[in-house]
Amino acid sequence: MGKWFLSSNLLRQFLSIFYLISLATAQLNLRPKQHVNAAGLGYRFGQSSDNAEDSDHFKLLAADGESLLVGARNAVYNLSLATLNVQHKIDWKPPADQIEECIMKGKTKADCQNYIRVLAVKNSGQVLVCGTHAFSPKCREYTYSNADAKLENTRQFEGQGISPYDPRDNSTALYIPDSGEIYAATVSDFVGNDPLIYRRKLNEGERTGLRTQRDDARVLDAPNFVATFVSKEHVYFWYRERASEAVDNNEERQVYARVARVCSNDRGGPRPASERWTSFLKARLNCSLASPTPFYFNELKAVSDPIPSTNGDHIVYALFSTPDSPVQMSAVCTFSMKRIREEFDHGTFKRQRNTDSLWEAFPRSEMPKPRPGTCVPDSVRLPEATISFVLANPLMHKCINSVNGPLLIEGVDRAQLTQIAVLPQIQSVNGQKFDVIYLGTVDGNVLKVVNTGDNVTVVQTTRIFAHPQPVVNLLTKSQQLVVVSSNEIAAIGVQQCEQQTSCSRCVQLQDPHCAWDVNSGRSDFFHIRFSKGCIR
Ligand SMILES: *[C@@H]1O[C@H](CO)[C@@H](O)[C@H](O)[C@H]1NC(C)=O
Ligand SMILES: *[C@@H]1O[C@H](CO)[C@@H](O)[C@H](O)[C@H]1NC(C)=O
Ligand SMILES: *[C@@H]1O[C@H](CO)[C@@H](O)[C@H](O)[C@H]1NC(C)=O
Ligand SMILES: *[C@@H]1O[C@H](CO)[C@@H](O)[C@H](O)[C@H]1NC(C)=O
């Protein structure tokens, strides 16, 4: 607490709240139309508990057809998506001597377990699993054995640069089955000082890969990664980090939201840059309220998958907050993948001539050719000038503005938002289509928000867990919402239409999932029971 009172950042935040309230009217603190208490309802896995010391650190690793794969303490669970029943379990505890060594290095016994953070299913059917392994990351390959119908451990190798050391670390990983490559965004040392974006093949014998430079704050500085996905010929990384371009009176370094990308066909540079990306570029994400002095939401917390939009573009919904403080606020913004691509493909770069000078746009006339960061058939043949440019100046000068500013803002007196998932283009009973957004909160609720295109409606808030605890992952399927906290997983319906008891209330709810059924006289799930009744 003490530190907060000394912080000029906090004072600034207090002042800006009054300012913010004058800017935002429509989107600020919208009232949910319906409150649902689903604590203990639906399907459940794990234990509802508020004991943070003894956490399972659940992490949703994949949704594979009708199964959910969940990383936990010394285990991976394969759960049925429909019922959350355990279909298979892999147990993997670190050996006693490794646990002892980890405790000797000053970690707690709880942290010196093996928290599974990465899972990949290879084309061959083998399953690759990586975990923190008592602060000494390891990976294993499991092969399905026909003899006893079980997964058997067939290989173990070092997992540095693939799995984090600490279960709390915000890392991401993405496996591409066709190339057999894994992209990981994590840290590769015990103390967590060496963040990296790393790619390597997972074949036996392959040890080398491509990574971002070590010890270079211009490239990555204390990042928290939130998502990774493929779009066209690139792999995108979404994160927040300390911004080297925003040193604030040499005082507190600000955190900015970032999107970065690499080319899937990057093969590294010519020696000595043979293990470095030649295509790593990054840009700031701008989710703010427009005004002469914009109010910024800088801390990226979560993003949705890219969602196809009608004009051939893809849209990403992103969740942001202001810095951690007693007056924290959250906001949802959308970003166009087309706009992001344009900036990386044609925008100017930012540079700082030396550590004391101001950041400026790099003059286009001085840029090397081919353009730094472009995907080329053989990056090993790129000229030295292009390689050294991109290693030193990966940041774009302009930021990526959100499509139309924040869709929704949750103010100081509301629970912070932690996670986001979107069901795109849900057709309502009158034929119109809407994106439905689910937002997890720090106290174990989920908001359901409908994007009408012009504005948003908060259809409902649902209490998911008996003990208030942060939602750490959210997954939407057409009829089911999966909500993950550190110790408990819940699967509930995507809608709670039946709570409305009259046709007019059903209409007022503005939930595209719901319709009034004149035959039964009930508000019901439109997709299950077609209704000719009440049209929105
Ligand atoms: C999870 O279990 C289901 C049902 O047995 C199985 O079909 C699926 O392959 C399993 N997934 C993994 C990754 O083991
Ligand atoms: C990871 O992100 C969460 C949510 O933003 C945050 O509370 C937590 O401190 C982060 N973990 C680390 C190790 O920074
Ligand atoms: C961020 O977006 C706002 C609103 O569009 C704009 O006013 C502001 O200048 C942008 N910030 C930067 C750094 O470009
Ligand atoms: C949101 O938009 C809908 C339709 O576009 C309109 O009927 C409604 O009044 C708007 N709500 C607010 C709060 O502006």
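Note that ligands are numbered from 1 as they come in the structure, with each ligand's atoms numbered from 1 the same way.
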Taking atom types as modelled and ignoring hydrogens, do the side chains of N85 and S80 form a donor-acceptor contact shorter than 3.5 angstrom? no

Which residue and atom name correspond to the protein heavy atom nearest atom 4 (C) of ligand 3, and how close is it? A290 CB, 3.6 Å

Contact check: S291 vs ligand 3, nitrogen or oxygen atoms, below 3.5 angstrom: no

Look up atom 2 (O) of ligand 2 and tell me if a protein heavy atom lies less than 4.0 Å from it? yes

Assess, by modelled atom type and distance only, whether the side chains of T452 and D454 contain a donor and an acceptor separated by less than 3.5 Å. no

So is there a nitrogen or oxygen of D169 less than 3.5 Å from a nitrogen or oxygen in ligand 2? no

Suppose we measure from atom 11 (N) of ligand 3 to each protein heavy atom; which comes out shortest, and what is that distance? Y296 OH, 2.7 Å

Residues F297, F295; criterion ring pair (Phe, Tyr, Trp, His ring centres under 6.0 Å); working and verdict: CA-CA 7 Å; F297 297 88; F295 184 90; 5.3 Å; yes

Are there more than 12 heavy atoms of other residues, nucleotides or ligands under 6.0 Å from atom NZ of K398? no

Sub-4.0 Å protein heavy atom next to atom 14 (O) of ligand 2: yes

Give the residue, atom name and distance (to 0.1 Å) of the protein heavy atom nearest atom 7 (O) of ligand 3. P294 CG, 3.8 Å

When only distance counts, is R284 in polar contact with ligand 3, meaning an N/O pair under 3.5 Å? no

Close side-chain approach of M337 to Y236, heavy-atom, < 4.5 Å: yes

Counting each atom of ligand 1 from 1 as listed, which ones have a heavy atom of D64 under 4.0 Å away? 11 (N), 13 (C)

